Amino acid sequence: MDEQLRDSQPTPETPDAGPVLDQMDDLGLTETAPTRDTRTSASSRTQKDTSLGYELYLNVRTLVFVLAALILVFTFVVRIIVVSGSSMENTLQNGDSMLVWCLGYEPKQGDVVVLTQRSYQNDSLVKRVIATEGQRVDIDYDTGTVYVDGVALEEDYIKETMRVPNYGEGLNHVTVPEGCIFVMGDNRNDSADSRYPNIGIIDTRSVIGRAVMVVFPFPDFNLL
Amino acid sequence: MKNRRPCNVFWLVWTLLLAAAAAGVRMWQKATAFEGSYGLPVRGATASVVLVCVLVIAGAALAILAARQPVTTPPRSQIRGRRWDMSFFATGDVVFLALVWFGAFCSLAAVPLLFGQGRELWKAYQLAVAMKTWQGGDNGVLGMVTAVLALLAFLGLLQIGRDGFRPGRRGKGGFWAALPACAGCGWLLGTYRNCAADPVLWDYVPLLLAVIAGMLMYTDWAGMSCAAARPRRTLWLAGMTVVCSWVALASRPDTGTALLLISQSASALAALWRLPINLQHPPKVGSEDKLIPAVPQGTEMTTENKEEDTHE
């Protein structure tokens with residue numbers, strides 16, 4: 001908005017002192033004002049006095065601005081979220097840190113998403129989108145197959161063959177309402193997801209974003 | 001603004017009007033733009049769109065005011081002490097003192113509340129860890145850190161008020177603002193941590209913006225004493241601090257957070273009250289031995305929008 005204003009006196013090489021001194025000369029003040037040499041020595045002294053505080057301040061200011069920028073970026077654009085639990089094994093391991101893209105994201109089938117279903121818990125969940133609005137989901141536990149709109153999904157990402165959960169079959173034949181998604185964990189036998197009645201169909205407004213990559217630990221680094 | 005009258009009234013009136021408008025719209029949004037038991041946002045709600053517009057308009061209006069703010073650079077001989085270090089000198093100005101100290105004591109009042117909350121969460125965290133039931137979340141450490149930093153902010157604001165009201169021989173008008181700026185860093189981290197799993201941006205973005213605006217304002221305020229003055233940006237940030245703080249207050253935060261918001265809002269109003277006056281009519285106090293023999297009256301030079309201060 002405005003250029004930086006230095007309140008220390010300029011060095012002799014600094015051209016900005018010229019106009020002020022010249023203006024004072026024009027006003028006939030040269031007899032009462034100190035000479036340029038006197039000012040020069042005062043200038044050096046002042047700069048020495050202020051240099052430490054100035055440099056320190058610049059570092060603090062840089063840190064503050066960087067912190068503010070990072071917080072804004074990590075609020076509106078991306079987030080780092082740590083996986084808690086084993087429901088997405090083998091795609092994601094407990095403790096993995098993921099980069100999650102938030103800006104303008106609309107859930108699509110097959111995406112790994114981070115969401116918060118407040119009816120279940122206040123912390124976030126990581127699941128895979130199985131179906132989006134208008135699609136029909138049918139789960140056949142006998143064959144361990146998920147059908148979306150009558151077509152069997154090829155799920156090479158799941159950990160093991162799906163069995164009936166300990167809470168029963170739950171939601172296994174459902175058409176996803178408008179503005180909602182049906183999600184499941186890749187570890188089907190140890191995942192609380194849309195099949196579980198307390199979680200159920202997820203409103204897309206509860207979705208924080210799409211998991212883009214695992215960034216930590218480094219051995220697990222990969223794109224999702 | 002051309003007739004040499006201080007602009008602080010413009011700043012205060014516009015800032016308070018914009019802040020009141022933004023807070024009003026935020027309350028309207030709270031009443032109409034969320035649905036369901038978990039407060040999911042209504043898509044395309046009018047109040048949300050209007051609130052964004054009001055915030056953008058506030059930023060633009062305050063930027064225009066800042067751009068038009070006259071900055072007087074007097075002749076070297078009339079300056080005692082450092083020019084920008086004196087930007088918050090307010091000798092005998094009770095309003096400035098009252099606002100800054102009110103902000104200071106609000107910050108102090110927030111300390112036990114924030115610390116108590118943090119301590120409760122820390123106890124719950126320790127219990128959960130002992131029972132091996134900890135599933136992540138806020139363990140209270142950042143809350144307690146924020147409380148300690150709020151205490152430092154109290155000391156900084158107290159000293160700013162004192163330095164401004166009775167300036168010493170050498171100015172330290174803004175140096176102490178570095179303390180509330182540091183407190184803002186801790187507060188920002190704590191606020192962000194608490195909302196990391198919240199999918200509804202409107203639940204926490206007003207508070208984040210308020211904390212960021214306040215933190216940057218205090219940083220620029222401190223810069224006045226560190227040879228890195230940006231007076232117009234400081235004014236803009238002070239205005240935005242008031243606007244964003246009022247919006248965040250309209251969101252009905254917890255008491256500790258509300259006190260911190262009131263604190264930075266009062267400090268920002270103090271800056272808006274005093275800084276425009278001192279930019280137009282720089283105070284003439286400071287070390288007597290630095291005086292250069294006086295010049296005749298009426299030789300003051302005005303450099304509107306041309307800022308490179310070269311005075312000691």
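Just so it is clear: chains get the letters A, B, ... in the order the sequence lines come, proteins before strands, and each one is counted from 1. Keep in mind that what you see is a predicted model, and the values were worked out from it rather than measured.
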Side chain to side chain donor-acceptor pair (under 3.5 Å) for Tyr125(B) and Asp138(B)? Distances and angles first, verdict last. CA-CA 8 Å; Tyr125(B) 163 73; Asp138(B) 189 1; over 6 Å; no
Please state whether the side chain, the backbone, both or neither of Val205(B) comes within less than 4.5 Å of a heavy atom of chain A. side chain
Answer key: most heavy-atom pairs under 4.5 Å with chain B among Ile71(A), Val60(A), Ile81(A) is Ile71(A)
Check whether the side chains of Gln264(B) and Thr241(B) place a donor and an acceptor atom closer than 3.5 Å, and report yes or no. no
When you check the gap from the basic side-chain N to the acidic O, do Asp220(B) and Arg230(B) get nearer than 4.0 Å? no
Select, from Cys182(B), Cys195(B), Cys185(B), Pro41(B), the one with the greatest count of heavy-atom pairs under 4.5 Å involving chain A. Pro41(B)
Residue pairs fulfilling ring pair (Phe, Tyr, Trp, His ring centres under 6.0 Å) with at least one residue in residues 197-224 of chain A, sequence neighbours excluded: Phe216(A)-Phe218(A)
Does the distance from a Lys or Arg side-chain N to an Asp or Glu carboxylate O, for Asp198(B) and Arg79(A), drop under 4.0 Å? no
Those residues of residues 189-204 of chain A that come under 4.5 Å of chain B on a heavy-atom basis, listed by number, are Asp203(A), Thr204(A)
Does Thr132(A) form a side chain to side chain donor-acceptor pair (under 3.5 Å) with Gln109(A)? I'd like the steps, not just the answer. CA-CA 6 Å; Thr132(A) 56; Gln109(A) 189 179 18; over 6 Å; no
Quick one: what part of Leu201(B) sits under 4.5 Å from any heavy atom of chain A, side chain, backbone, both or neither? side chain
Most contact-rich option vs chain A, by heavy-atom pairs under 4.5 angstrom, among Val200(B), Leu209(B), Ile212(B), is Ile212(B)
Ignoring hydrogens and angles, state whether a donor on the side chain of Asn187(A) or Ser87(A) is under 3.5 Å from an acceptor on the partner side chain. no
Any carboxylate oxygen within less than 4.0 angstrom of a Lys/Arg side-chain nitrogen, looking at Arg205(A) and Glu35(B)? yes
With a 4.5 angstrom heavy-atom cut-off, could you sort out which part of Tyr38(B) is near chain A: side chain, backbone, both or neither? both
What part of Thr75(A) lies closer than 4.5 angstrom to a heavy atom of chain B: side chain, backbone, both or neither? both
Distance (rounded to the nearest 0.5 Å) between Cys180(A) SG and Glu133(A) CD: 8.0 Å
Would Asp186(A) and Thr91(A) count as a side chain to side chain donor-acceptor pair (under 3.5 Å) if you check the C-alpha gap in whole Å, the side-chain angles of each, and the deciding distance to 0.1 Å? CA-CA 7 Å; Asp186(A) 287 356; Thr91(A) 308; 2.5 Å; yes
Phe74(A) versus chain B, heavy atoms under 4.5 Å apart: side chain, backbone, both or neither? both
